[in-house]
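For the single chain, residues carry numbers from 1 onward in sequence order.
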Amino acid sequence: MRLLNKDLRLQDITLMYLTVLVTVVVLLVASYQAPAVHSRPALAYHIPLDPSGQLELSWNISYPTQEVYLELKVKELHHGILLGMSDRGEPTNADLVLLWDDGHKSYFGDAWSDNEGRVMLDTQQDYELLETHQSTEGFLLLFKRPFSTCDPHDYIIEEGTVHIIYAMLERPILSLHELNISRLQPGVQRVLLLRPDAPSPALPRDVRTLEVLAPDVIIPTQETTYWCHIYQLPPKMPKNHIVMYESVITPGNEAIVHHIEVFECSPQMDTVPQFSGSCDSKMKPRKLNYCRHVLAAWAMGAEPFYYPADAGLPLGGEGSSRFLRLEVHYHNPLLISGRRDSSGIRLWYTQSLRRFDAGIMELGLVYTPVMAIPPRQRSFQLTGYCTAKCTQTALPVGGVHIFASQLHTHLAGLGVRTVLVRGGREVEVVQEDKHFSTHYQGDALVTKCSYNTEDRNKVTVGGFGIMEEMCVNYVHYYPRTQLELCKSHVDTDYLQKYFSLINRFQGRESCSCPGTTVEEQFSSLSWDGFSGEVLNSLYLTSPISMHCNQSTAELFPGEWEKQEIPVVTAELQRAPYPCELSRRASSLNDNPTEVRPDSSV
């Protein structure tokens, strides 16, 4: 471990002593220049951090060494920059890396924040500075760290969403002890740091493009907007295969366009009214609710989505719809006004049909208010099931190949996890990454979603609205089958028993009056610890209603009501991280060596 700044102040030396021989790496960055690395890693991924476009994060991954390379680009650097990772984007209990100056010299170090936001230098320095560079575009800071460090103050970088926090330092920092992140009001960005380690297949020579774009929308002056727009395909479009799709973002709006989806409308509808406006508008035609078959989905920071070389998603042809619904989520926390946008999705398609039609299957929970989340919950879990009975009924004997999945909740969602269960044991985790070898038929798929409603005083029910909730995994697979939706919800008879029990406990008459909706029944309850715990128990133990749907939205033949919940008796254990293996080896080496009389030492 190198100590580049040999001119440490007495205060720093005292701090090191008082923290029981803390090994603090404080790196001097002379004139903002560090020695350039000989082989600079290519940084494949990029995302803007702040809405104003002052900060950009670029990165790449080394799976052989289990390290991530990160580069911060700052347009105007004042006295430093702070980057961190925490469970939900909180400034407290965060893993931090900082560049700061004291008015004379500049320093780089690994740090963390306590439960009040105060910054402490870490005793174990795991961020390695590789390069700094000042250019006409701004200041560049390149560093790396392992996925896992076995340091209790460090964040474990895993598959899934990473909450990045960031803040600019506007004045000199004489001592990190005077720094409190909570007072800096750091920004938060969500990103998938770990990406699939697989090459993209080549596109066919006859590939063509089709752009589904927002029609020069004026982005509303509000923090969150979901914009819906109906797009029509050319008449009598023959069957094609989508082989790749990517985002098209209006220049300057990279930090505002949060995610984009393209849905195909139901083929049973001959016409769909033209509409372009807020998805929550009362003027939105009801028919748009039947435009739910996902063709493409993109979120900020995502790369182009490629289909496997022997599969493509059908577009056009018999049994398809001419009508598509574009949905763009604008995140405008700075309330920028007058900004125009024509972002959307570019579909790459070919008339040279591939061997397999790819399909998209919905897993998780049915969009229904019977699945609800009580208010003021730090973490509440809902689980959707795709039972073995449904996969046995709907999938071919040889099974299907899952090659990607896209998880989705609304604003209260904390996380989603889908696992393949066979014989009561978790066999494999189905994730965003490609899984070319995944086969299943006659197995169950369990999708668990967790939610946070600490800032809500009313119950959150399932549904399509942005303030309602979803628990969905769009699974990409081939060969395409008639199974388009495999989801569940709690049996409604058991839910009514829950309402009766809680109403009696709270001293009220239970009303199952005609016309009383489930939403009204949930809203009439007084939410406390008991009512929330009983609801959680109901969801964990009661029978379920299965929706094992064909592409026509009709159920497959069979009995799907009051089905038993799939039992999971054994969960998958993750592989150990390199730092854990090295610690185990070290602990073995620490054992005393037995020396016998005939031994040589």
Participant: Looking at Phe275, is Lys287 sitting on its ring face, NZ or CZ under 6.0 Å from the six-membered ring centre and within 45 degrees of the normal?
Facilitator: no
Participant: Do Gln482 and Phe556 have side-chain heavy atoms sitting under 4.5 Å apart?
Facilitator: yes
Participant: Evaluate Val518 against Val461 for side chain to side chain contact (heavy atoms under 4.5 Å, CB included), listing each step before the verdict.
Facilitator: CA-CA 9 Å; Val518 171; Val461 298; 5.9 Å; no
Participant: Measure across Ala358 and Arg480 and return the closest heavy-atom pair with its distance rounded to 0.1 Å.
Facilitator: O-CD, 3.5 Å
Participant: May I ask you to decide if Met361's main-chain N or O and Tyr477's side chain share a donor-acceptor pair within less than 3.5 Å?
Facilitator: no
Participant: Could you check if a side-chain atom of Val416 sits within less than 4.5 angstrom of a side-chain atom of Thr409, using non-hydrogen atoms only?
Facilitator: yes
Participant: Nearest 0.5 angstrom please: Ile164 CD1 to Leu70 CG, how far?
Facilitator: 7.0 Å
Participant: Heavy-atom distance under 4.5 Å between the side chains of His331 and Glu223, does that happen here?
Facilitator: yes
Participant: Count the heavy atoms belonging to other residues, nucleotides or ligands that lie under 6.0 Å from CD of Gln268, then report whether that count exceeds 12.
Facilitator: yes
Participant: Between Lys389 and Glu559, which heavy-atom pair has the shortest distance, and what is it?
Facilitator: NZ-O, 2.5 Å
Participant: Heavy-atom distance under 4.5 Å between the side chains of Ile157 and Met85, does that happen here?
Facilitator: yes
Participant: I need the Trp227 CH2 to Asp341 CG distance, nearest 0.5 Å.
Facilitator: 10.5 Å
Participant: Does the Asn473 side chain pair with the main chain of Leu363, one donor and one acceptor, at a distance under 3.5 Å?
Facilitator: no
Participant: Distance-only, no hydrogens or angles: does the Asn60 side chain make a donor-acceptor pair with backbone N or O of Ala42 under 3.5 Å?
Facilitator: yes
Participant: Taking all non-hydrogen atoms of both residues into account, name the closest pair between Cys471 and Thr447 and its distance.
Facilitator: SG-CG2, 3.9 Å
Participant: Keeping the roles fixed (side chain from Gln377, backbone from Ser379), state whether a donor-acceptor pair exists under 3.5 Å.
Facilitator: no
Participant: Please test Tyr63 against Phe147 for side chain to side chain contact (heavy atoms under 4.5 Å, CB included), starting from the C-alpha separation and ending with a verdict.
Facilitator: CA-CA 9 Å; Tyr63 282 101; Phe147 295 171; 4.1 Å; yes
Participant: Looking only at non-hydrogen atoms, find the nearest pair between Asn452 and Arg378 and report the distance.
Facilitator: ND2-O, 2.9 Å
Participant: Test side chain to side chain contact (heavy atoms under 4.5 Å, CB included) on Val472 and Lys487 and set out the steps.
Facilitator: CA-CA 9 Å; Val472 186; Lys487 305 167 83 173; 4.1 Å; yes
Participant: Could you give the distance from CD (Glu428) to CG (Leu445), rounded to the nearest 0.5 Å?
Facilitator: 10.5 Å
Participant: Quick check with a 6.0 Å cut-off and a 45 degree axis cone: is Arg195 positioned over the face of Tyr45's six-membered ring?
Facilitator: yes
Participant: Can you check whether Cys486 and Cys390 have SGs under 2.5 Å apart?
Facilitator: no
Participant: Do Ser545 and Glu561 have a side chain donor and acceptor closer than 3.5 Å?
Facilitator: yes
Participant: Between Ser542 and Ile544, is any pair of side-chain heavy atoms under 4.5 Å apart?
Facilitator: no
Participant: For the pair Arg339 (side chain) and Gly252 (backbone), establish whether a donor and an acceptor sit closer than 3.5 Å, ignoring hydrogens and angles.
Facilitator: yes
Participant: Could you go through the side chain to side chain contact (heavy atoms under 4.5 Å, CB included) check for Leu365 and Tyr367 one step at a time?
Facilitator: CA-CA 6 Å; Leu365 288 170; Tyr367 308 119; over 6 Å; no
Participant: Measure the CG-NZ distance between Leu57 and Lys73 for me, rounded to the nearest 0.5 Å.
Facilitator: 11.5 Å
Participant: Assess the pair His547 and His489: is the distance between their ring centroids shorter than 6.0 Å?
Facilitator: yes
Participant: Any side-chain heavy atom of Ser343 sitting closer than 4.5 Å to one from Val257?
Facilitator: yes
Participant: Can you check whether Leu483's main-chain N or O pairs, donor with acceptor, with Thr481's side chain at less than 3.5 Å?
Facilitator: yes
Participant: Is the side chain of Ser320 donor-acceptor paired with the backbone N or O of Leu315 at a distance under 3.5 Å, no angle test?
Facilitator: no
Participant: Near Glu564 CD, under 6.0 Å, is it more than 12 heavy atoms from other residues, nucleotides or ligands?
Facilitator: no
Participant: Shortest non-hydrogen contact from Met546 to Tyr385?
Facilitator: SD-O, 3.3 Å
Participant: Run the ring pair (Phe, Tyr, Trp, His ring centres under 6.0 Å) test on His476 and Phe305 for me, step by step, so that the C-alpha distance in whole Å, both residues' side-chain angles and the decisive distance to 0.1 Å come before the verdict.
Facilitator: CA-CA 11 Å; His476 298 254; Phe305 184 96; 4.7 Å; yes
Participant: Flag the pair Tyr451 / Phe380 as yes when their ring centroid distance falls below 6.0 Å, and as no otherwise.
Facilitator: no
Participant: I need the Ile47 CD1 to Glu254 CD distance, nearest 0.5 Å.
Facilitator: 11.5 Å
Participant: Would you compute the distance between atom SG of Cys548 and atom CD of Glu484 and round it to the nearest 0.5 angstrom?
Facilitator: 12.0 Å
Participant: Ignoring hydrogens, what is the shortest heavy-atom contact between Pro273 and Leu288? Give both atom names and the distance.
Facilitator: O-CD1, 4.2 Å
Participant: Please check: side-chain N/O of Ser450 versus main-chain N/O of Gln381, any donor-acceptor pairing under 3.5 Å?
Facilitator: no
Participant: Can you label the angle between the His329 ring and the Tyr226 ring as parallel, tilted or perpendicular, going by 30° and 60°?
Facilitator: parallel
Participant: Can you find a heavy atom in the side chain of Leu210 that is under 4.5 Å from one in the side chain of Leu233?
Facilitator: yes
Participant: State whether the side chain of Gln274 and the backbone N or O of Ile230 hold a donor-acceptor pair below 3.5 Å, judged by distance alone.
Facilitator: yes
Participant: Taking the six-membered ring for Trp and the full ring for Phe, Tyr or His, determine whether the centres of Tyr307 and His241 are under 6.0 Å apart.
Facilitator: no
Participant: Does Val207 offer a backbone N or O that forms a donor-acceptor pair with the side chain of Trp348 under 3.5 Å?
Facilitator: no
Participant: Do Thr541 and Ile565 have side chains that get closer than 4.5 Å, going by heavy atoms?
Facilitator: no
